[in-house]
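Nothing fancy with the numbering, it's 1 onward along the sequence.
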Amino acid sequence: MISNKILFINVLNLYRIIPLLVCYFSEKDERNKIDMDIERWKKIKKIDSDNVQALLYFMIFMKEFRNLFLYRINKRKVWGRILKLFFIPLEGLYICTPKIGGGLFIQHGFSTIIAAKEIGQNCWINQQVTIGYTDDNACPIIGDNVCVYCGAKILGDIIVGDRSIIGAGAVVIRNVNSDSLAVGVPAKIKKKYGNEVL
């Protein structure tokens with residue numbers, strides 16, 4: 001159980017924890033999405049604790065989560081700047097999307113750019129992924145429960161439907177229907193086997 005470990009670390013990190021908790025408890029607009037993120041990360045990482053303890057754990061040990069949390073509180077620019085001093089974000093993970101649903105999980109966010117018009121709930125994004133533009137206004141919309149595996153590129157004014165999987169190394173430049181699998185360069189769209197997405 002992480003409770004004892006968290007308690008010990010929290011005592012050592014009080015100067016970092018106070019601004020973090022102020023941000024968490026005072027956040028109104030994004031609080032529901034932050035809680036969804038925490039619940040999803042707890043499930044994937046198999047952590048059994050309350051959300052506050054899990055938040056502290058993730059912020060101290062998981063830089064990908066740090067970037068996501070800092071993205072969520074970005075409207076509170078002063079607090080965001082203060083938190084960045086105490087919780088250094090992961091370099092090379094850029095989140096530049098105006099609307100991201102709750103429950104986003106970023107596994108190994110190294111060298112990853114997330115620049116979509118919108119991303120749905122409970123998505124999974126791996127390392128070295130590029131979700132982005134082909135010109136000034138052309139960037140994708142990603143649906144709910146989409147998995148984007150390592151090295152994939154999703155580019156341009158396209159839609160990736162709910163519960164789809166973008167395979168490792170795929171280059172997606174056209175729409176992907178819901179419940180589909182996109183693999184290859186350029187990606188070929190296939191019907192997905194089964195319905196479960198992590």
Side-chain angles (χ1 to χ4, degrees), residues 30 33-34 36-45 58 61-74 84 88-198:
E30 296 288 313
K33 291 178 184 176
I34 292 169
M36 286 178 70
D37 295 337
I38 294 168
E39 289 294 335
R40 182 92 189 282
W41 284 64
K42 279 169 40 178
K43 180 181 174 189
I44 291 167
K45 297 293 185 179
F58 294 145
F61 293 110
M62 299 187 179
K63 287 187 177 181
E64 294 87 356
F65 186 89
R66 286 182 200 176
N67 287 54
L68 180 57
F69 185 83
L70 291 167
Y71 161 83
R72 296 279 189 216
I73 64 158
N74 192 38
K84 282 181 184 177
I88 298 168
L90 177 65
E91 287 186 33
L93 171 57
Y94 302 98
I95 304 173
C96 320
T97 299
K99 184 179 175 190
I100 298 177
L104 177 63
F105 180 73
I106 303 167
Q107 184 179 41
H108 312 308
F110 170 75
S111 191
T112 297
I113 299 169
I114 305 169
K117 285 180 190 159
E118 182 179 334
I119 296 177
Q121 295 183 354
N122 297 319
C123 289
W124 177 303
I125 298 174
N126 276 76
Q127 72 272 22
Q128 297 177 326
V129 164
T130 299
I131 300 171
Y133 294 82
T134 52
D135 65 42
D136 288 349
N137 297 312
C139 61
I141 294 172
I142 311 292
D144 295 335
N145 299 301
V146 172
C147 284
V148 184
Y149 289 110
C150 60
K153 313 287 183 256
I154 304 172
L155 304 170
D157 189 15
I158 62 172
I159 297 172
V160 176
D162 297 344
R163 299 170 305 280
S164 291
I165 295 174
I166 309 302
V171 177
V172 181
I173 53 174
R174 64 180 198 207
N175 290 343
V176 177
N177 294 330
S178 296
D179 300 301
S180 295
L181 171 66
V183 291
V185 180
K188 293 183 177 162
I189 315 302
K190 304 180 178 190
K191 196 69 181 162
K192 194 174 75 177
Y193 296 103
N195 290 321
E196 187 169 349
V197 175
L198 291 173

Qualifying residues under side-chain hydrogen bond (donor to acceptor under 3.5 Å, both in side chains), relative to Asp157, sequence neighbours excluded
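Here the qualifying residues are Lys117.
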How would you list, by chain and number, every residue that makes a side-chain hydrogen bond (donor to acceptor under 3.5 Å, both in side chains) with Gln107, sequence neighbours excluded?
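Partners of Gln107 under the side-chain hydrogen bond (donor to acceptor under 3.5 Å, both in side chains) test: Asn126.
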Minimum heavy-atom separation for [X] to [Y], with atom names?
| X | Y | answer |
| --- | --- | --- |
| Ala187 | Ala170 | CB-CB, 4.3 Å |
| Arg72 | Lys33 | NH1-CD, 3.7 Å |
| Gly161 | Val146 | O-CG2, 3.3 Å |
| Ala116 | Pro98 | O-CD, 3.3 Å |
| Asp135 | Ala138 | OD1-N, 3.2 Å |
| Tyr149 | Ala168 | CB-N, 3.8 Å |

Side chains of [X] and [Y], heavy atoms from C-beta outward: is any pair under 4.5 Å?
| X | Y | result |
| --- | --- | --- |
| Ile95 | Leu70 | no |
| Phe69 | Met62 | no |
| Ser111 | Gln128 | yes |

Distance-only, no hydrogens or angles: does the [X] side chain make a donor-acceptor pair with backbone N or O of [Y] under 3.5 Å?
| X | Y | value |
| --- | --- | --- |
| Glu64 | Ile106 | no |
| Ser164 | Asn177 | yes |
| Asp37 | Gly102 | no |
| Asp144 | Asp162 | no |

Thr112 vs Leu90, test: side-chain contact (heavy atoms from CB on, under 4.5 Å). Steps then yes/no.
CA-CA 10 Å; Thr112 297; Leu90 177 65; over 6 Å; no
In Å and rounded to the nearest 0.5 Å, what is the [atom1] to [atom2] distance from [X] to [Y]?
| X | Y | atom1 | atom2 | value |
| --- | --- | --- | --- | --- |
| Leu104 | Gln121 | CG | CD | 11.0 Å |
| Lys153 | Ile173 | NZ | CD1 | 13.5 Å |
| Ile113 | Thr130 | CD1 | OG1 | 5.0 Å |
| Ile154 | Ile142 | CD1 | CD1 | 4.0 Å |
| Tyr71 | Ile114 | OH | CD1 | 9.5 Å |
| Ile125 | Ile119 | CD1 | CD1 | 4.5 Å |

Apply side-chain contact (heavy atoms from CB on, under 4.5 Å) to Phe105 and Lys45, showing your working.
CA-CA 10 Å; Phe105 180 73; Lys45 297 293 185 179; 4.1 Å; yes
Just wondering, are more than 12 heavy atoms of other shown residues or ligands nearer than 6.0 Å to CD1 in Ile141?
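Buried by this count: over 12 neighbours within 6.0 Å.
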Other residues, nucleotides and ligands only: do more than 12 of their heavy atoms fall within 6.0 Å of CG on Asn137?
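It does not: Asn137 CG has 12 such atoms or fewer within range.
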For Phe65 and Phe58, take the angle between the two ring planes, folded into 0 to 90°, and tell me which bin it lands in: parallel under 30, tilted 30 to 60, perpendicular over 60.
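Taking Phe58 first and then Phe65, their aromatic rings sit tilted (interplane angle of 30° to 60°).
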Can you sort out the partners of Ala152 under side chain to side chain contact (heavy atoms under 4.5 Å, CB included), two or more places apart, ordered by chain and number?
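Result, side chain to side chain contact (heavy atoms under 4.5 Å, CB included) vs Ala152: Val148, Ile166.
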